[in-house]
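Below: the structure, in structure tokens.
On a predicted model such as this, the values are computed, not experimentally measured, just so you know.
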Amino acid sequence: MADGISRRGALRAGAGVLAAGTLAAPMVHAQGSGGNLRFAFWDHWVPGSNDALRQLGTRWAERNRVNLTLDFINTTGNQLQLTAAAQAQSRSGHDGISLGPWDVGAYADQLEPVDDVIGRLVQKFGPINPVAEFLGKRGGAWRGVPATSGTQNKPALCRADLLQQHAGIDVRAMWPARAEKGPGADQWNWDTFLRAAEACHRAGVPFGLPMGQFTDAVDWVGGLFASYGARITDERGNPTIRGNQELRQVVDYAVRLSRFLPNDVWAWDDASNNRALISGRSALIFNPPSAWAVAKRDAPQVAENCWTVPMPAGPQGRFLAYLPWTTGIWAFGRNKAAAKSFVEFLGERESAEFTTNFSGGYDIPPHLSMADFKVWETEGPPVGTIYNYPLKPHHDARYSIAFSPAPPELASQMYIQALNTKLIARVSQGGESIDAALGWLEREITNMRRSL
């Protein structure tokens, strides 16, 4: 999230919201004889990023002689989510639409299978991010094509100068802008992170880690839980809380870490961590390059000292929080063949790199082979600051999304309700014992399963 435009609506509408949608003014790209096609895309917060899809759409439409209309719909006020819900209910509207992480599951029965498209893309570019596959497949079939535009990672975005001054950690040496680890990278774990958080807290520049009920908070805490092996359900959604020592361990760690965070992080939204870094009041946040991008404009002295590094490792390894978008094609659409051709074109490496370049390196393509785009090497200041934003082999990390491996229908409800941050808050802020908080968590999951 950046510059006053929030990502907080991106997931909070959840599945099954029924309301009338609102459409942006259409953008007609071409006139031809290949039929009409309408797509609704997420209205990208990065200035100019929508132009990437407009230009790609023009290129594809002219080549295929299709009358292509692109609408860009903001997530503020859940406009995009409400549009999808209204179209699913009325079985009319666009041919294709951007869907948030859990929306594919909500509308799976009304989305056209795209296994043919995925098969060709995988044959060309290799495996797709496993989290994108977990979210995009239902009943053994792909119900959407993982998108580049808007998809983000949430590694650590650091003030390299403050971490070195107050915690004695040189993150630029540890994680240089090249495909290798530097000195100390193997010690970049949650224990080191805790000591650094304490040191920066004492120095008056605490880490800006939200603990509320918004996506930035749920995502980074989800990565923390994964690194401890702290699953709260199994693949079928059965609670795995009783006797779960990994879960107890990570809650204890999170409570200790919270003591070194700003007192109001429990009320932070998705803009608060950005503001903390941009203002110079924080030494580290977990975020895509959004805060850094705004700092380039509003606080260049902050931007030139920023450096992106992987999330710390835990007892079960290093995980990277990931928040993807998927492009779905409605089964009731009138021009499904053209829609498939268009989304396949957007999934090509050239198109994905074009899109990522327009976003200044913010957008993450779904294919693991595409983590080598030049934009991550050349963006600055300082040059190389977002080199380690995409997951690279030398990071020894895996992608994660909070609450997996629970069935997506259950995981989406746990995500919307932010059960992981609420769990920590009950102990840290509510004074409950870990046992009492875990008992609450098991009851919440049980009640959610009954309502599904």
Distance-only donor-acceptor check, side chains Gln87 and Trp330, under 3.5 Å: yes
Check each of Phe207, Phe225, Phe286 against Trp220 using the ring pair (Phe, Tyr, Trp, His ring centres under 6.0 Å) test, and report the only one that passes. Phe286
For the atom pair CG (Leu410) and CE (Met448), what is the distance rounded to the nearest 0.5 Å? 7.5 Å
Take Val265 and Leu209 through the test side-chain contact (heavy atoms from CB on, under 4.5 Å) and record every step on the way to the result. CA-CA 7 Å; Val265 291; Leu209 309 183; 5.8 Å; no
Ala371 and Leu391 have their tightest heavy-atom pair at CB-O, 3.5 Å
When every non-hydrogen atom of Arg138 is compared with those of Gly105, the smallest separation belongs to NE-CA, 3.2 Å
Between Trp268 and Arg275, does the side-chain contact (heavy atoms from CB on, under 4.5 Å) criterion hold? Intermediate values first, please. CA-CA 11 Å; Trp268 278 17; Arg275 288 194 294 264; over 6 Å; no
Test: Glu379 and Lys374 ion pair at under 4.0 Å: no
Please check if the distance between the ring centroids of Trp376 and Tyr387 is under 6.0 Å. no
Under a 3.5 Å cutoff, is there a donor and acceptor pairing between the side chains of Thr215 and Asp270? yes
Thinking salt bridges, do Asp95 and Lys336 make one under a 4.0 Å N-O criterion? no
Lys154 versus Pro288: any side-chain heavy-atom pair under 4.5 Å? yes
The reported gap from CG in Leu68 to CG in Leu53 (rounded to nearest 0.5 angstrom) is 10.0 Å
What's the shortest heavy-atom distance between Pro206 and Ser282, and which atoms? O-OG, 2.8 Å
Trp45 versus Ser290, side-chain donor and acceptor atoms under 3.5 Å: no
For the residue pair Tyr362 and His44, does the interplanar ring angle fall in the parallel (under 30°), tilted (30 to 60°) or perpendicular (over 60°) class? perpendicular
Taking atom CD of Glu180 as the centre, does the number of heavy atoms from other residues, nucleotides or ligands within less than 6.0 Å exceed 12? yes
Would you tell me whether Asn36 and Asn335 have side-chain atoms, one donor and one acceptor, within less than 3.5 Å of each other? no
Is it the case that more than 12 heavy atoms not belonging to Glu350 sit under 6.0 Å from its CD atom? no
Could you tell me the separation between the CD1 atom of Ile73 and the CD1 atom of Ile97, rounded to the nearest 0.5 Å? 5.5 Å
Using the six-membered ring of Phe354, assess whether NZ or CZ of Arg59 lies under 6.0 Å from its centre and within 45 degrees of the ring axis. yes
Can you tell me how far apart CG (Asn420) and CD1 (Ile232) are? Round to the nearest 0.5 Å. 7.0 Å
Can you see which heavy atom on His367 is nearest to which on Gly126, and at what distance? ND1-O, 3.1 Å
Would you indicate whether the side-chain heavy atoms of Glu344 and Arg120 approach each other to under 4.5 Å? yes
Please list all pairs passing the side chain to side chain donor-acceptor pair (under 3.5 Å) test where one or both residues lie in residues 308-323, with sequence neighbours left out. none
Minimal heavy-atom distance between Thr151 and Tyr389, with the atoms involved, is O-OH, 4.3 Å
Is there a side-chain contact (heavy atoms from CB on, under 4.5 Å) between Leu99 and Thr327 once you walk through the steps? CA-CA 6 Å; Leu99 298 170; Thr327 306; over 6 Å; no
So that I can tick it off, tell me whether Asp109 and Arg143 are bridged by a salt bridge, with the cut-off set at under 4.0 angstrom between side-chain N and carboxylate O. no
Just how far is it from atom OG1 of Thr148 to atom CD1 of Ile364, taken to the nearest 0.5 Å? 9.0 Å
Please identify each residue that fulfils side-chain hydrogen bond (donor to acceptor under 3.5 Å, both in side chains) with Arg281, with sequence neighbours left out. Ser279
Do the two ring centres, one from Phe342 and one from Phe39, sit under 6.0 Å apart? yes
In plain terms, say whether Asp161 and Arg159 are close enough for a salt bridge, that is, a side-chain N and a carboxylate O under 4.0 Å apart. yes
With a 6.0 Å cut-off (strictly less than), is the heavy-atom count around CZ of Arg334, excluding the residue itself, greater than 12? no
If you round to the nearest 0.5 Å, how far is CD of Glu235 from OG of Ser404? 9.5 Å
Is there a side-chain contact (heavy atoms from CB on, under 4.5 Å) between Gln152 and Asp363 once you walk through the steps? CA-CA 6 Å; Gln152 62 187 254; Asp363 294 333; over 6 Å; no
